[in-house]
Peer 1: 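Structure incoming, see below.
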Amino acid sequence: MQIKKLSTVYDVVIIGSGAGGGMSGYVLANAGIKVLMLEAGPFFDPAKDSQQLKWPYESPRRGGNATRPMGDFDASYGGWQIEGEPYTQKDGSEFQWFRAKMLGGRTNHWGRISLRMGPKDFKCKTNYDVGDDWPITYDEIKPYYDKVDRLIGVYGSMEGMENDPDGIFLPAPKPRLNELFVKKAATRLGIKVIAGRGSVLTAPLPGNKDRGACFFCGQCNRSCKIYGDFSASSCLVIPALKTGNLTVLTNSVVREILTNNEGVATGVSYISKDDMQEYQVNAKTVILAASTCESARILLNSKSTQHPNGLANSSNVVGKYLHDSTQGAGVAILPQLLDRERFNEDGVGSLHLYAPWWLDNKKLDFPRGYHLEIFGGMMMPGYGGYFGFEGTTVPYLNGYLPGADGKMKPGGGYGATLKNDYRRFYGTMAGFGCHGTATAREDNYCEIDPTVVDKYGIPVLRFRYKWNTDEINQAKHMQQTAQAVIKEMGGIPLMQPAGPETNYGLDKPGKGIHEVGTVRMGDDPKRSALNKWGQTHDCKNLFVTDGSVFTQQSEKNPTWTILALAMRTAEYIIDQRKKQNV
Amino acid sequence: MNRRDSLKAIGIGTLSAGTLLAACKTPGENKSDIKTDKTGRQDFEVTRDETILKETFFNQHELATITILADLIIPKDAKSGCASDAKVTDFIEFIVKDEPEHQLPMRGGLRWLDVQCLNRYSNAFIDCTAKQQTTLLDEIAYPMMAKPAMQQGVAFFNKMRELTAIGFFTSKMGIQDLGYQGNAPGKWEGVPQHVLKKYGLENV
């Protein structure tokens with residue numbers, strides 16, 4: 001076996017093709033810089049590879065979850081577990097790590113919920129006395145949020161809320177019937193409900209001829225054949241390839257980042273899944289954007305004489321401060337919608353209605369908060385995904401409500417009456433997900449497992465993550481909110497209230513798939529890995545542009561911030577190249 | 001059929017004439033036409049589908065029993081056909097191989113059902129009269145009313161009913177029955193005004 005060295009020396013090599021890598025590659029390639037992008041999975045073009053508009057009966061498992069954890073039509077290759085690429089746990093942790101190995105990464109299937117962090121979110125320590133302040137302010141990142149809005153497109157409504165900044169919005173889609181019931185109930189309880197904010201082209205995107213406007217199939221998670229929503233594949237990498245300045249190598253799994261005797265990054269070592277050979281490629285600058293945990297893994301595995309603790313890790317923070325959104329939910333059947341009128345209610349595959357965090361923490365037993373992502377309507381019947389088969393609850397509920405004839409009957413059953421009950425209950429579900437902020441803590445982390453390697457021989461990650469009292473109290477509050485809203489709208493709750501033994505229904509860490517913070521930014525090189533430009537304190541030609549850079553998340557979903565920061569870092573690299581600093 | 005013959009039928013699985021008549025549609029016409037698509041799918045997914053389609057889990061007797069049960073759960077009515085019209089048996093045969101956690105409860109539950117029938121009526125379930133079949137189902141199909149001794153049957157029937165409903169309502173026939181109108185390009189302009197008015201949501 002020998003290591004093959006690529007003859008071309010690239011200006012920049014980017015590890016990863018998701019939101020961070022895709023945006024970095026797009027900006028640099030359009031500036032005439034020669035870029036190589038390494039992606040661990042296969043090429044994926046939504047125009048060709050999306051499962052959009054398929055019917056459940058076109059899948060032998062009717063859309064079930066056996067091969068893809070979010071359903072047979074979901075656009076993500078990968079999932080919570082990947083054959084031959086394990087991760088391990090420490091101290092009884094149950095961190096769940098969702099990985100998508102494909103061009104565009106997790107942005108092919110994500111919820112397209114596109115929220116800006118607010119001014120107070122960047123100064124969490126100052127405002128809430130938890131976590132740490134970012135080394136940047138909202139005002140510094142605002143121009144990049146604006147540019148991302150214009151480049152990619154996002155719908156929403158102008159609200160003028162201080163810590164939920166408005167963007168440059170396309171028209172927001174109208175809510176579905178069930179969602180209006182939630183809005184009405186929440187409003188009565190003092191919760192302000194506004195239009196969702198999502199990167200779906202509800203109208204043509206000005207100046208862009210390559211992307212079609214949304215045709216409202218509600219299937220964004222399958223990725224969009226006409227590029228009507230944002231995926232890094234369709235909106236960033238594939239357009240960047242057209243510049244001629246970007247080369248993409250797929251099925252290329254990065255082993256480590258290489259450095260020279262001065263400790264400067266020289267390139268990357270990787271294995272090709274296609275021929276299982278070892279390769280090295282040299283570049284003047286390296287951008288790491290392999291995803292929050294994978295980026296930490298690559299840095300920790302890139303040990304050298306100059307960087308004995310792993311690359312960019314003289315501070316010893318790499319892998320630490322891992323934090324994922326808290327997650328809870330309320331789901332109900334609305335009896336007033338039994339036998340409801342049918343019409344096409346698919347809407348968009350992102351959020352129609354959204355309730356930003358609405359309370360003052362001074363009166364609560366936890367800092368910061370969570371938002372509500374409201375859902376419901378006449379979804380395409382199916383199996384798998386988050387909800388499975390919607391009719392599953394029917395035989396358990398039909399004994400609690402009068403039949404079409406107004407009479408009560410025992411629950412369960414079979415035959416013509418039951419068949420009719422499935423029709424009566426169809427499209428009556430409504431609810432909301434609660435997504436909140438967790439605090440970045442040094443003792444929640446991923447590290448290299450000293451004894452386990454994956455099938456490529458690369459040492460794997462081991463997780464240590466425990467929810468803290470703040471997050472558990474927040475989950476308790478989510479549950480109270482869910483019960484109150486469901487009661488107010490006259491719904492029948494589909495979930496039993498959970499007690500303290502299960503953290504009040506708080507999902508396992510990682511399940512929010514908003515994990516961030518493992519290669520965090522900061523002004524102090526002793527307490528952070530990156531400066532405010534995403535440049536590593538220890539290695540000036542190494543940058544990071546994925547979710548790992550977050551100093552402290554907020555309750556806003558992270559993708560829009562990853563995109564804005566990646567654009568900002570890429571522009572900084574262009575500037576520094578002009579000044580011959582990198 | 002005496003008890004011994006019925007036990008033999010459960011194990012070996014020859015179909016009786018009674019079975020063929022009892023099914024909403026003849027099982028012989030239920031040859032699987034499930035296909036697997038390759039575009040946008042990973043190699044292991046395509047291989048998995050192809051492998052599963054070649055394998056057999058249920059024997060003929062079990063399939064015949066599933067077919068009758070499924071048609072009792074979702075019968076033909078004025079609006080749509082029965083479960084076997086929508087090839088629900090094929091779906092159940094596939095899904096227990098795709099999600100193996102169903103295998104033991106389904107196989108064991110089917111046997112539990114047959115033994116109940118043998119003890120009461122000296123016949124396997126499929127060879128019982130329609131009246132005998134529904135008498136037994138009435139004891140396991142209503143969880144809150146079922147006797148403690150029938151709880152295993154309740155657990156089996158819950159699963160059988162769920163898999164049947166999934167198979168039917170995700171088929172073309174079942175989706176049309178529910179009246180789902182989407183999955184087609186269109187323009188979403190919100191809930192129709194008359195519907196908003198019906199629920200008093202015009203100003204929400």
Side-chain angles (χ1 to χ4, degrees), chain A residues 42 44 48-51 53 55-58 60-64 66-68 77 83 173-177 180-181 183-184 187 215-219 336 341-348 378 380-383 389 391-392 394-396 399 410-416 418-420 422-423 426, chain B residues 34-37 39-42 44-45 48-49 52-53 72-75 77 79-80 91 94-95 98-99 134 137 141-145 154 157-158 161-162 165-172 174-175 177-192 195-196 198-199 201 204:
Chain A
F44 185 89
K48 180 170 72 69
D49 298 316
S50 167
Q51 307 294 305
L53 294 181
W55 292 96
Y57 47 83
E58 293 178 74
R61 58 184 60 77
R62 306 291 170 89
T67 58
R68 303 188 188 191
Y77 293 170
E83 178 73 33
K174 295 260 179 36
R176 302 188 188 106
L177 180 60
L180 286 168
F181 278 96
K183 180 178 179 181
K184 188 176 175 184
T187 307
F215 55 74
F216 305 99
C217 70
Q219 298 168 22
Q336 57 270 53
E341 185 177 330
R342 277 26 172 188
F343 49 89
N344 181 347
E345 203 175 27
D346 285 345
V348 298
M378 288 182 287
M380 179 161 29
Y383 183 47
F389 173 59
T392 292
V394 171
Y396 302 96
Y414 61 95
L418 176 73
K419 189 178 181 184
N420 199 45
Y422 283 108
R423 295 170 186 142
Y426 172 62
Chain B
I34 294 172
K35 292 188 191 77
T36 182
D37 196 355
T39 307
R41 304 188 63 77
Q42 303 157 92
F44 88 89
E45 294 178 290
R48 180 189 173 95
D49 289 0
I52 287 177
L53 287 169
L72 285 166
I73 292 165
I74 304 280
D77 66 2
K79 200 167 182 188
S80 65
F91 166 71
F94 184 92
I95 207 70
D98 200 40
E99 299 176 358
T134 54
L137 290 198
Y142 302 93
M144 302 298 277
M145 295 170 67
V154 170
F157 196 74
N158 283 345
R161 181 168 50 202
E162 177 166 11
I166 294 167
F168 184 77
F169 288 110
T170 61
S171 71
K172 191 170 187 178
I175 291 168
D177 181 310
L178 287 176
Y180 170 71
Q181 297 185 11
N183 198 32
K187 177 82 183 149
W188 166 243
E189 287 174 334
V191 178
V195 177
L196 290 176
K198 178 180 174 185
Y199 297 105
L201 296 167
V204 174

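Bear in mind the structure is a predicted one, so any value in this text is a computation, not a measurement.
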Peer 1: Is the closest basic N to carboxylate O distance between Glu99(B) and Arg61(A) below 4.0 Å?
Peer 2: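 Looking at Arg61(A) together with Glu99(B), the answer is no, because their closest N to O distance does not fall below 4.0 Å.
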
Peer 1: Between Tyr142(B) and chain A, with a heavy-atom cut-off of 4.5 Å, which part of the residue counts as in contact: side chain, backbone, both or neither?
Peer 2: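 For Tyr142(B), heavy atoms of backbone and side chain both lie under 4.5 Å from chain A.
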
Peer 1: Within the structure provided, determine whether Val204(B) and Phe181(A) are in side-chain contact (heavy-atom separation under 4.5 Å).
Peer 2: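 No, too far: nothing below the 4.5 Å cut-off.
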
Peer 1: For the atom pair CZ (Phe216(A)) and NZ (Lys187(B)), what is the distance rounded to the nearest 0.5 Å?
Peer 2: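 Between atom CZ of Phe216(A) and atom NZ of Lys187(B) there are 4.0 Å.
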
Peer 1: Can you tell which part of Pro410(A) gets under 4.5 Å to a heavy atom of chain B, answering side chain, backbone, both or neither?
Peer 2: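 Backbone plus side chain of Pro410(A), per the 4.5 Å heavy-atom cut-off to chain B.
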
Peer 1: For Leu418(A), is it the side chain, the backbone, both or neither that has a heavy atom under 4.5 Å from a heavy atom of chain B?
Peer 2: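 When you check distances to chain B, only side chain atoms of Leu418(A) fall under 4.5 Å.
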
Peer 1: Under 3.5 Å, is there a donor-acceptor pair between the side chain of Gln51(A) and the main chain of Thr39(B)?
Peer 2: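 Indeed, once roles are kept as given, a pair shorter than 3.5 Å links the two residues.
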
Peer 1: Do the ring planes of Phe169(B) and Tyr422(A) sit parallel (below 30°), tilted (30 to 60°) or perpendicular (above 60°)?
Peer 2: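 Tilted: the ring planes of Phe169(B) and Tyr422(A) meet at 30° to 60°.
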
Peer 1: Among Lys184(A), Arg68(A), Gln219(A), who wins on heavy-atom pairs under 4.5 Å with chain B?
Peer 2: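 Among Lys184(A), Arg68(A), Gln219(A), the one with the most close pairs to chain B is Arg68(A).
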
Peer 1: State, to 0.1 Å, how close Asn344(A) and Ala184(B) come at their nearest heavy-atom pair, and which atoms those are.
Peer 2: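 Closest heavy-atom pair between Asn344(A) and Ala184(B): ND2-O, 4.1 Å.
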
Peer 1: Counting distance only, does the side-chain N/O of Lys198(B) pair as donor-acceptor with the main-chain N or O of Glu341(A) below 3.5 Å?
Peer 2: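 Here the side-chain-to-backbone pair does not exist.
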
Peer 1: Rounded at 0.5 Å granularity, tell me how far CZ in Arg423(A) sits from CG in Asp177(B).
Peer 2: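 Going from CZ on Arg423(A) over to CG on Asp177(B), the span is 4.0 Å.
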
Peer 1: Got a sec, which residues hit ring-ring contact (aromatic ring centres under 6.0 Å, His included) with Phe168(B), two or more places apart in sequence or on another chain?
Peer 2: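 With sequence neighbours excluded, Phe168(B) shows a ring-ring contact (aromatic ring centres under 6.0 Å, His included) to no residue whatsoever.
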
Peer 1: Tyr180(B): which residues meet the ring-ring contact (aromatic ring centres under 6.0 Å, His included) condition with it, sequence neighbours left out?
Peer 2: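 With neighbours one apart ignored, the set is empty.
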
Peer 1: Which atoms of Tyr383(A) are under 4.5 Å from chain B, going by heavy atoms: the side chain, the backbone, both sets, or neither?
Peer 2: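 Both backbone and side chain.
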
Peer 1: Heavy-atom pairs under 4.5 Å with chain A are the metric here; pick the option from Gly174(B), Gly190(B), Pro185(B) that has the most.
Peer 2: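 Between Gly174(B), Gly190(B), Pro185(B), the count favours Pro185(B).
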
Peer 1: Can you tell me if NZ on Lys79(B) sees more than 12 non-hydrogen neighbours from other groups inside 6.0 Å?
Peer 2: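 Atom NZ in Lys79(B) is crowded, with more than 12 foreign heavy atoms closer than 6.0 Å.
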
Peer 1: Measuring from atom CH2 of Trp55(A) to atom CG of Asn183(B), what distance do you get when rounded to the nearest 0.5 angstrom?
Peer 2: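 Answer for the CH2-CG pair, Trp55(A) versus Asn183(B), is 4.5 Å.
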
Peer 1: In terms of heavy-atom pairs under 4.5 Å, which option from Gly415(A), Ala416(A), Gly64(A), Cys217(A) contacts chain B the most?
Peer 2: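 Option with the greatest count: Gly415(A).
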
Peer 1: Does any backbone or side-chain atom of Ile73(B) lie under 4.5 Å from a heavy atom of chain A? Answer side chain, backbone, both or neither.
Peer 2: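 Contact with chain A is through both the backbone and side chain of Ile73(B).
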
Peer 1: Is there a donor-acceptor contact under 3.5 Å from the side chain of Trp188(B) to the main chain of Lys174(A)?
Peer 2: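 Checking the backbone N and O of Lys174(A) against the side chain of Trp188(B), a donor-acceptor pair under 3.5 Å is found.
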
Peer 1: What's the shortest heavy-atom distance between Arg342(A) and Gly179(B), and which atoms?
Peer 2: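 Heavy atoms of Arg342(A) and Gly179(B) come nearest at CG-O, 3.1 Å.
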
Peer 1: Please name the pair of heavy atoms, one in Ile175(B) and one in Pro56(A), separated by the smallest distance, quoted to 0.1 Å.
Peer 2: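 Smallest interatomic distance, heavy atoms only, reads CD1-CG, 3.4 Å.
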
Peer 1: For Tyr77(A) versus Gly40(B), what's the shortest heavy-atom pair and its separation?
Peer 2: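 Of all heavy-atom pairs spanning Tyr77(A) and Gly40(B), the closest is OH-O, 2.9 Å.
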
Peer 1: Select, from Asp98(B), Leu72(B), Ile95(B), Val195(B), the one with the greatest count of heavy-atom pairs under 4.5 Å involving chain A.
Peer 2: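 Greatest number of close heavy-atom pairs with chain A: Asp98(B).
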
Peer 1: Rounded to the nearest 0.5 Å, what separation is found between the CZ atom of Arg62(A) and the CD1 atom of Ile166(B)?
Peer 2: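 Nearest 0.5 Å value for the CZ-CD1 distance: 10.0 Å.
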
Peer 1: Considering only heavy atoms, which portion of Met378(A) lies under 4.5 Å from any heavy atom of chain B: side chain, backbone, both, or neither?
Peer 2: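 Contact with chain B is through the backbone of Met378(A) alone.
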
Peer 1: Please flag which part of Glu83(A) lies under 4.5 Å from any non-hydrogen atom of chain B: side chain, backbone, both or neither.
Peer 2: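 Neither; nothing under 4.5 Å.
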
Peer 1: Could you tell me which of Arg41(B), Glu189(B), Met145(B) has the largest number of non-hydrogen atom pairs under 4.5 Å with chain A?
Peer 2: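 Looking at each of Arg41(B), Glu189(B), Met145(B) in turn, Arg41(B) comes out on top.
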
Peer 1: Before you tell me yes or no, could you show the steps for Asn420(A) and Asp77(B) under side chain to side chain contact (heavy atoms under 4.5 Å, CB included), namely the whole-Å CA-CA distance, both residues' side-chain angles and the distance that decides it to 0.1 Å?
Peer 2: CA-CA 10 Å; Asn420(A) 199 45; Asp77(B) 66 2; 6.0 Å; no

Peer 1: Does the Tyr57(A) side chain pair with the main chain of Gly167(B), one donor and one acceptor, at a distance under 3.5 Å?
Peer 2: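 No, because the side chain of Tyr57(A) does not come within donor-acceptor range (under 3.5 Å) of the backbone of Gly167(B).
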
Peer 1: Under 4.5 Å from any heavy atom of chain A, what part of Arg161(B) do you find: side chain, backbone, both or neither?
Peer 2: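 Both parts, backbone and side chain.
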
Peer 1: Between Thr170(B), Ile74(B), Leu137(B), which has the largest tally of heavy atom pairs under 4.5 Å with chain A?
Peer 2: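 Of Thr170(B), Ile74(B), Leu137(B), Thr170(B) has the most heavy-atom pairs under 4.5 Å with chain A.
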
Peer 1: Specify the closest pair of heavy atoms between Val191(B) and Pro175(A), including all atoms of both residues, with the distance to one decimal.
Peer 2: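 In this case the closest contact between Val191(B) and Pro175(A) is CG2-O, 3.7 Å.
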
